[in-house]
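Down below is the structure, laid out as structure tokens.
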Number of protein chains: 4
Amino acid sequence: MGGTMDGTRQRRRGNTRQRIQDVALELFAEQGYEKTSLREIAERLEVTKAALYYHFKTKEEILVSIFDDLTQPILDLIEWGKGQPHTLETKQEIVRRYSDILADAAPLFRFMQENQATVRELRVGETFKERMQGLRDIMIDPAADLVDQVRYISAIFTLHAGMFFLQDLPGDAEQKRKAVQEVAADLVTQAHRGTTKS
Amino acid sequence: MGGTMDGTRQRRRGNTRQRIQDVALELFAEQGYEKTSLREIAERLEVTKAALYYHFKTKEEILVSIFDDLTQPILDLIEWGKGQPHTLETKQEIVRRYSDILADAAPLFRFMQENQATVRELRVGETFKERMQGLRDIMIDPAADLVDQVRYISAIFTLHAGMFFLQDLPGDAEQKRKAVQEVAADLVTQAHRGTTKS
Amino acid sequence: MGGTMDGTRQRRRGNTRQRIQDVALELFAEQGYEKTSLREIAERLEVTKAALYYHFKTKEEILVSIFDDLTQPILDLIEWGKGQPHTLETKQEIVRRYSDILADAAPLFRFMQENQATVRELRVGETFKERMQGLRDIMIDPAADLVDQVRYISAIFTLHAGMFFLQDLPGDAEQKRKAVQEVAADLVTQAHRGTTKS
Amino acid sequence: MGGTMDGTRQRRRGNTRQRIQDVALELFAEQGYEKTSLREIAERLEVTKAALYYHFKTKEEILVSIFDDLTQPILDLIEWGKGQPHTLETKQEIVRRYSDILADAAPLFRFMQENQATVRELRVGETFKERMQGLRDIMIDPAADLVDQVRYISAIFTLHAGMFFLQDLPGDAEQKRKAVQEVAADLVTQAHRGTTKS
DNA sequence: TATGAATGAGGCTTCATTCAT
DNA sequence: TATGAATGAAGCCTCATTCAT
């Protein structure tokens, strides 16, 4: 209404799509997918609900688009992993890289972890599962015994858990992340040794 | 599960409350809390929605009642743990007992894990958090360094993860549970040694 | 459960009906008829809803019974009025007596006044209307001109209004009631003079 | 009322909000607030319930919006009154103006009078009370004795009562309104004289 | 003289989605 | 590139009432 230049909200030319994704992810992560309504997203962006539908066909598609954008690095990691030898080095590099991926897209992963029940019924659920299996496949020796397989999975899980359950613990965030990585790397090492030794 | 012989449903007097809890937990675990409607619960029980409200004041209260009933053993474990010396034995006994508790009330814990976002806004969320902290407190040496603290938490998390993420792996269920317990026990052992050695 | 003598709530032998009426009127007057649920009444009495149905056939019948009990004096007044000459004395006596009746059953009249819309659709609505017309008939000269008729009605209304709208004014309650009665008597006097003079 | 020629309903774009208010007030006045359901309002307008929620956030807000629109004149009157000298002329002008206001928004005032119990728990209840007090304040001499204060209030009340309780009396509506105004004016005159004389 | 258990109807409200403009 | 207006489905919850015991 009126002029163009106003301090309130700048640069909103053509990046509405991006802004929707940002706000949606923020709210999804904060309150869950079901509890977040399109009305809420629209209000926070100061647009109408109908505007969301100009950019995305459904509510689910908003989530899908976020997911696809942010989990591409996992695909890349898996692709990379497939070309590597099954050495301990490789596995620890995977742990390191995955840890970085998690940190970079923390809100999304937090969302995926805290909304599993919901996500299971959505398309992203299936996709995510596939990706996690891909990750497992480049890490786990098929020959490993059950206990070691559990160790590999526990390593991945520790990384996930580390992101959120450690918030309660006192201490510096970066330090905690290091500690988590160390425990995960340790688990991988033990699993690898157990397998290659036998 | 035990009971006396009855075909589909007969003598259903006085146990409606229990039946509501059973069906509700089943559906909550399967589809999530938000996605499960009272209509659905009522239909499956062949009663009206209003009947649910005779037994429980709100939807949330159904969950609370289930939660309170099924997590009592955690309180007992914590109580027990407080009276024990901080030895490795004790900690491993805690792991064993907690593993049993999880197995006994698997659907509830699965629910809690898969609906964290929802549960966080509910009363059970707070209560659960407190209980988990209680568990941590009887397990973790306050003197342990960060990495070992992560190991303790990772042990607990491994138990949780083991319940669900291992379903994909091939193999006998009981065997898998054993493997999970072993990894958790191992983590605890390492954590304990790391701390007492120094 | 257990003994008989307990201090909490005494004498509840056979007077439950009366107690229901008391509590119901209190709640009806306080919150309105629609907003007062049988659950609420039952809870306050520490009995079940079903118990109410032992004593009264419907919710409306509770109100009817209260109404019938408490408005009998109006019928008596009308009966008395019919046998009196149409003097100013008579009219002022009516004002005085009606004022007493209002004061004695204040909660009921408050209720009737504040729930006209609801009451209109109930049986008591019609009955009350008839009673008020009876009152008007023994007070108003059919020969009075319009303005004087309004005065009579205004007198009655002033008595009603006095009960509630004067709570805001400062001052002693009894004094206020006197003042209200005086204004009403005044209006009647003016109306009577206007009519008999012409 | 006035508009351009249209049979039953045509061109109903942009005036839905107004139509909701109209129908709602009509039903509220006729059956009471509680007894009027949004379903009923929607049906009468041949829209869905959800449409109502596009225009108003809650049922109560429908009432609030009607109330705010229709009682603005009272605020204006009070504002005007504050700037006037406390003469008898002023007071009688207030009576006249207030009588007009009541006539113009008769259904709303009828509603407020017949739903006091309900309205008391609503936001409009408080607002209305404030407005009536404002009116009283510009009319009543603080120095007046109790009986005269009652007379002022009785005058206002007579105007209110006149709107509805006189429907039963035979006679021309306009004539009755005049009569009511006269009685009210009279009461004010007596109150004013009582106070200024002493 | 009451209670326990249940029902059917209906209340208000929210949601994702659509479509003409 | 959006908005205004609306819908249909469904959600949770409350109510007066009933009936076997």
Side-chain angles (χ1 to χ4, degrees), chain A residues 12-17 20 33-42 45-62, chain B residues 12-17 20 33-42 45-62, chain C residues 12-17 20 33-42 45-62, chain D residues 12-17 20 33-42 45-62:
Chain A
R12 59 137 124 96
R13 176 120 298 135
N15 63 342
T16 301
R17 194 187 143 91
I20 292 172
Y33 179 78
E34 318 264 13
K35 286 280 270 294
T36 301
S37 68
L38 296 187
R39 179 179 54 63
E40 215 172 344
I41 297 174
L45 286 168
E46 295 180 275
V47 296
T48 54
K49 266 181 296 172
L52 305 185
Y53 279 89
Y54 177 80
H55 293 282
F56 299 94
K57 255 205 295 284
T58 66
K59 182 184 181 185
E60 185 172 352
E61 221 207 37
I62 299 181
Chain B
R12 57 138 104 113
R13 180 115 290 127
N15 63 338
T16 302
R17 194 188 145 93
I20 292 172
Y33 179 78
E34 319 264 12
K35 283 284 267 291
T36 302
S37 68
L38 295 187
R39 178 180 53 66
E40 214 173 344
I41 297 175
L45 287 168
E46 294 182 277
V47 294
T48 57
K49 267 180 292 167
L52 306 186
Y53 280 92
Y54 176 75
H55 293 282
F56 299 95
K57 262 206 286 286
T58 64
K59 182 185 180 183
E60 183 172 353
E61 221 211 33
I62 298 181
Chain C
R12 57 137 123 97
R13 177 119 296 136
N15 63 343
T16 300
R17 195 187 143 92
I20 292 172
Y33 179 78
E34 318 264 14
K35 284 280 271 292
T36 301
S37 68
L38 294 188
R39 179 180 54 64
E40 215 173 346
I41 297 174
L45 286 167
E46 294 181 274
V47 295
T48 54
K49 267 182 295 172
L52 306 184
Y53 280 89
Y54 177 80
H55 293 282
F56 299 94
K57 255 204 296 282
T58 66
K59 182 183 181 185
E60 184 171 354
E61 221 207 37
I62 299 181
Chain D
R12 55 137 106 112
R13 181 116 288 129
N15 62 337
T16 302
R17 195 189 144 92
I20 292 171
Y33 179 78
E34 319 263 13
K35 283 283 269 290
T36 301
S37 67
L38 295 187
R39 179 181 52 65
E40 213 172 346
I41 297 174
L45 286 168
E46 293 181 279
V47 293
T48 56
K49 268 178 293 167
L52 306 186
Y53 279 90
Y54 176 76
H55 293 281
F56 299 95
K57 261 205 289 286
T58 64
K59 182 184 181 184
E60 182 171 353
E61 221 210 33
I62 298 181

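Just so you know, these numbers come straight off a predicted model, no measurement behind them. So you know, we letter chains A, B, ... as the sequences are listed, proteins then strands, and number each from 1.
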Figure out the [atom1]/[atom2] separation between [X] and [N], and round it to whole Å.
{"X": "D:Ile41", "N": "E:dG11", "atom1": "CD1", "atom2": "C1'", "value": "13 Å"}
{"X": "B:Glu61", "N": "F:dC12", "atom1": "CD", "atom2": "P", "value": "15 Å"}
{"X": "B:Leu52", "N": "F:dT14", "atom1": "CG", "atom2": "P", "value": "13 Å"}
{"X": "B:Phe56", "N": "F:dC12", "atom1": "CZ", "atom2": "P", "value": "15 Å"}

According to a strict under-4.0 Å criterion, is [X] in side-chain N/O contact with OP1 or OP2 of [N]?
{"X": "C:His55", "N": "E:dA2", "value": "yes"}
{"X": "B:Thr16", "N": "E:dA5", "value": "no"}
{"X": "D:Tyr54", "N": "F:dA5", "value": "yes"}

Considering residues at least two apart in sequence or located in another chain, which fulfil the salt bridge (Lys or Arg N to Asp or Glu O under 4.0 Å) criterion with B:Arg39?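 Result, salt bridge (Lys or Arg N to Asp or Glu O under 4.0 Å) vs B:Arg39: B:Glu43.
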Worksheet entry | Position toward the 5' end of DNA chain F (nearest nucleotide), D:Thr48 or B:Lys35 |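 Mapping each residue to its closest nucleotide by heavy atoms, the 5'-most match is D:Thr48.
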Given D:Ile20 and D:Val47, is the side-chain contact (heavy atoms from CB on, under 4.5 Å) satisfied, shown in steps? CA-CA 10 Å; D:Ile20 292 171; D:Val47 293; 5.8 Å; no
Quiz prompt | Atom pair CD1 (A:Ile62) and CD1 (A:Ile41), whose distance is rounded to the nearest 0.5 Å | solution =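 If we round to the nearest 0.5 Å, A:Ile62:CD1 and A:Ile41:CD1 are 5.0 Å apart.
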Note, DNA chain F 5' to 3' with Watson-Crick or G-U pairs under 3.5 Å encoded as ( ), [ ], | and . gives .||||||||||||||||||||
In 5'-to-3' order, the base (B), backbone-only (S) or no-contact (-) status of each nucleotide in nucleotides 16-21 of chain F, using a 4.0 angstrom heavy-atom cut-off, is BBBB--
| query | With distance as the sole test, does B:Lys59 use its side chain to make a donor-acceptor pair with the main-chain N or O of B:Thr36 at under 3.5 Å? | reply |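 Yes: the side chain of B:Lys59 pairs with the backbone of B:Thr36.
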